[in-house]
Amino acid sequence: MTDTLNKTQSANAPINDTRKAELLSKQVKHIDITSFDARPIVDAMSDMSFTSRDLGRATKIYNQMLADKDCTVCLVVAGSTSAGGCMDLYAELVRNNMVDCIVATGATIVDMDFFEGLGHKHFQALEIPDDDTLRSLYIDRIYDTYIDEEALQNVDHTIFEIAESLEPKAYSSRAFIREMGKYLVEHGKKENSLVKLAYEHDVPIFCPAFVDSSAGFGLVKHQVDAAKAGKPYLMIDAVADFRELTQIKIEAGTTGLLMIGGGVPKNFIQDTVVCAEILGHEDVAVHKYAVQITVADVRDGACSSSTLQEAASWGKVNTGIEQMVFAEAGSVMPLLASDAYHRGHWKDRAKRGWAKLFA
């Protein structure tokens with residue numbers, strides 16, 4: 001991959017290192033939910049209207065999940081909040097036993113968290129030249145956030161190295177991400193990594209579209225190189241993902257969903273109820289609690305925007321204890337998470353350790 005990058009660069013004008021350094025000069029600082037107590041502001045917002053009241057009720061529901069000793073809490077993440085400053089927030093939820101299972105996009109887990117776990121950083125875009133200029137500097141843009149493409153290609157290669165070190169067989173994304181966590185324990189450069197902490201706390205992470213990320217590039221290279229050499233290679237088994245996550249739902253019984261964004265992770269976790277029924281567990285309960293934070297417009301009929309009330313029509317979610325919050329998640333998740341951290345229901349929760357189901 002590095003050779004390809006060098007060939008691409010040599011074919012064009014050399015990168016202006018001074019200009020690139022100027023643009024990548026201010027790191028994104030991830031918010032620390034333990035450093036401030038959001039309870040007073042969330043309580044005050046609960047007595048307001050519109051999105052403020054929705055956030056107050058959503059926070060109350062999340063606290064109910066944590067206080068319910070029978071409830072397994074699933075964190076579901078799509079979108080770029082990790083790159084935007086919520087990365088340490090999600091890690092803190094794992095560290096303090098505030099989530100028991102994670103379903104996320106490959107971008108969240110690989111391109112953002114694992115990326116920083118290897119020592120790389122996200123940067124604020126203090127100015128945004130035209131995107132062709134950014135491309136010439138090997139800078140990738142997420143709205144007003146920058147990523148060094150050369151650093152991201154290091155992630156591709158690291159995924160390739162991990163794949164090369166494993167037995168060539170089928171792995172669920174959960175099993176492969178666990179190996180990524182193990183790698184960070186041994187070689188990582190950041191303590192507060194979601195992938196690393198999930199490995200240490202036996203919190204399984206599922207990425208149903210795992211290869212739609214830097215993982216995909218590394219795994220494709222692994223397979224192509226192995227095929228050329230006439231050797232067997234590693235594969236990601238998406239069906240195993242669904243089976244394993246459904247097994248957790250069956251074993252857990254009572255479940256609550258804290259969803260940021262929507263898309264594939266949202267549908268994947270909700271579908272475990274239906275899958276359990278198909279496997280003969282007709283007594284499986286719908287998800288008892290559900291919160292979703294999204295900016296998606298309900299009028300397009302997409303999964304990301306579909307309300308939790310709509311999910312009830314599919315037999316997935318309880319309509320009694322749910323709340324939609326239509327807001328940019330980076331602006332409200334710090335309040336919700338800080339409130340829950342300082343209320344402290346997590347201190348009395350039993351540790352699930354669902355990853356041990358697959359040991």
Side-chain angles (χ1 to χ4, degrees), residues 26-68 71 73-100 102 104 108 112-113 122 124 142-145 192 194 197 256-262 266 288-298 304-305 307-309 320-349:
K26 186 172 176 55
Q27 293 180 14
V28 170
K29 293 183 179 179
H30 299 290
I31 197 161
D32 177 5
I33 62 170
T34 70
S35 67
F36 64 95
D37 187 347
R39 286 177 294 179
I41 191 170
V42 172
D43 285 341
M45 292 172 74
S46 297
D47 291 329
M48 296 169 66
S49 290
F50 313 138
T51 300
S52 295
R53 184 163 59 186
D54 291 343
L55 175 63
R57 186 164 188 271
T59 304
K60 181 179 180 180
I61 291 173
Y62 180 47
N63 278 301
Q64 283 181 268
M65 297 184 209
L66 296 175
D68 185 338
C71 182
V73 179
C74 299
L75 174 66
V76 184
V77 187
S80 300
T81 49
S82 290
C86 289
M87 194 173 296
D88 288 356
L89 181 161
Y90 299 135
E92 207 65 51
L93 298 185
V94 172
R95 187 193 304 280
N96 293 293
N97 196 31
M98 298 171 73
V99 296
D100 308 300
I102 298 168
T108 294
M112 298 173 196
D113 185 86
H122 293 82
Q124 289 185 335
I142 306 173
Y143 185 51
D144 64 351
T145 302
N192 217 26
L194 180 69
L197 288 167
L257 310 180
L258 176 59
M259 298 187 285
I260 295 88
K266 173 187 176 182
K288 182 176 180 180
Y289 309 94
V291 167
Q292 184 184 0
I293 302 170
T294 182
V295 292
D297 189 331
V298 299
S304 292
S305 62
T307 65
L308 296 167
Q309 292 284 333
I321 316 175
E322 55 82 21
Q323 183 62 53
M324 298 289 299
V325 181
F326 290 98
E328 192 277 304
S331 65
V332 296
M333 268 304 295
L335 298 176
L336 180 149
S338 173
D339 178 284
Y341 173 81
H342 285 91
R343 291 196 194 274
H345 294 300
W346 52 273
K347 296 177 182 178
D348 299 320
R349 296 188 76 232

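Residues take their numbers from the sequence shown, with the count starting at 1. Computed over heavy atoms, backbone and side chain alike; hydrogens, waters and symmetry mates excluded.
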From [X] atom [atom1] to [Y] atom [atom2], the distance as rounded to the nearest 0.5 Å:
{"X": "N192", "Y": "D32", "atom1": "CG", "atom2": "CG", "result": "8.0 Å"}
{"X": "K60", "Y": "Q323", "atom1": "NZ", "atom2": "CD", "result": "11.5 Å"}
{"X": "C86", "Y": "L93", "atom1": "SG", "atom2": "CG", "result": "10.0 Å"}
{"X": "M98", "Y": "K347", "atom1": "CE", "atom2": "NZ", "result": "10.5 Å"}
{"X": "M324", "Y": "T51", "atom1": "CE", "atom2": "OG1", "result": "11.0 Å"}
{"X": "L257", "Y": "I61", "atom1": "CG", "atom2": "CD1", "result": "11.5 Å"}

Set of side-chain contact (heavy atoms from CB on, under 4.5 Å) partners for [X], sequence neighbours left out:
{"X": "I31", "answer": "F36, L89, P334"}
{"X": "N97", "answer": "D100, R349, K351"}
{"X": "K26", "answer": "Q124, L126"}
{"X": "I41", "answer": "A38, M45, L335"}

Give me each pair satisfying salt bridge (charged side-chain N to carboxylate O under 4.0 Å, His left out) with a member in [range], each pair once, sequence neighbours excluded.
{"range": "residues 44-55", "value": "none"}
{"range": "residues 85-99", "value": "D88-K190, E92-R95"}
{"range": "residues 327-340", "value": "D339-R343"}

With sequence neighbours left out, what residues match D144 under salt bridge (Lys or Arg N to Asp or Glu O under 4.0 Å)? none
May I ask you to test the [X]-[Y] pair for a side-chain heavy-atom distance under 4.5 Å?
{"X": "V295", "Y": "F326", "result": "no"}
{"X": "M333", "Y": "T81", "result": "no"}
{"X": "D113", "Y": "Y90", "result": "no"}

side-chain hydrogen bond (donor to acceptor under 3.5 Å, both in side chains) with [X]: which residues, sequence neighbours excluded?
{"X": "T108", "result": "T105"}
{"X": "H345", "result": "none"}
{"X": "S46", "result": "none"}
{"X": "T59", "result": "none"}

Is the Y341 ring parallel, tilted or perpendicular to the W346 ring (thresholds 30°, 60°)?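 Aromatic pair Y341/W346 classed parallel.
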Could you report the tightest heavy-atom contact between [X] and [Y], atom names first, then the distance?
{"X": "S82", "Y": "M112", "answer": "CB-SD, 3.8 Å"}
{"X": "V332", "Y": "A327", "answer": "CG1-CB, 3.9 Å"}
{"X": "A78", "Y": "G262", "answer": "CB-O, 3.4 Å"}
{"X": "A83", "Y": "T145", "answer": "O-CG2, 3.9 Å"}

Donor on one side chain, acceptor on other, D68 and Y289, under 3.5 Å: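 Note: D68 and Y289 side chains meet the donor-acceptor criterion.
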Among V42, I33, L258, N63, side chain to side chain contact (heavy atoms under 4.5 Å, CB included) partner for L336: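 For L336, the side chain to side chain contact (heavy atoms under 4.5 Å, CB included) check succeeds only for L258.
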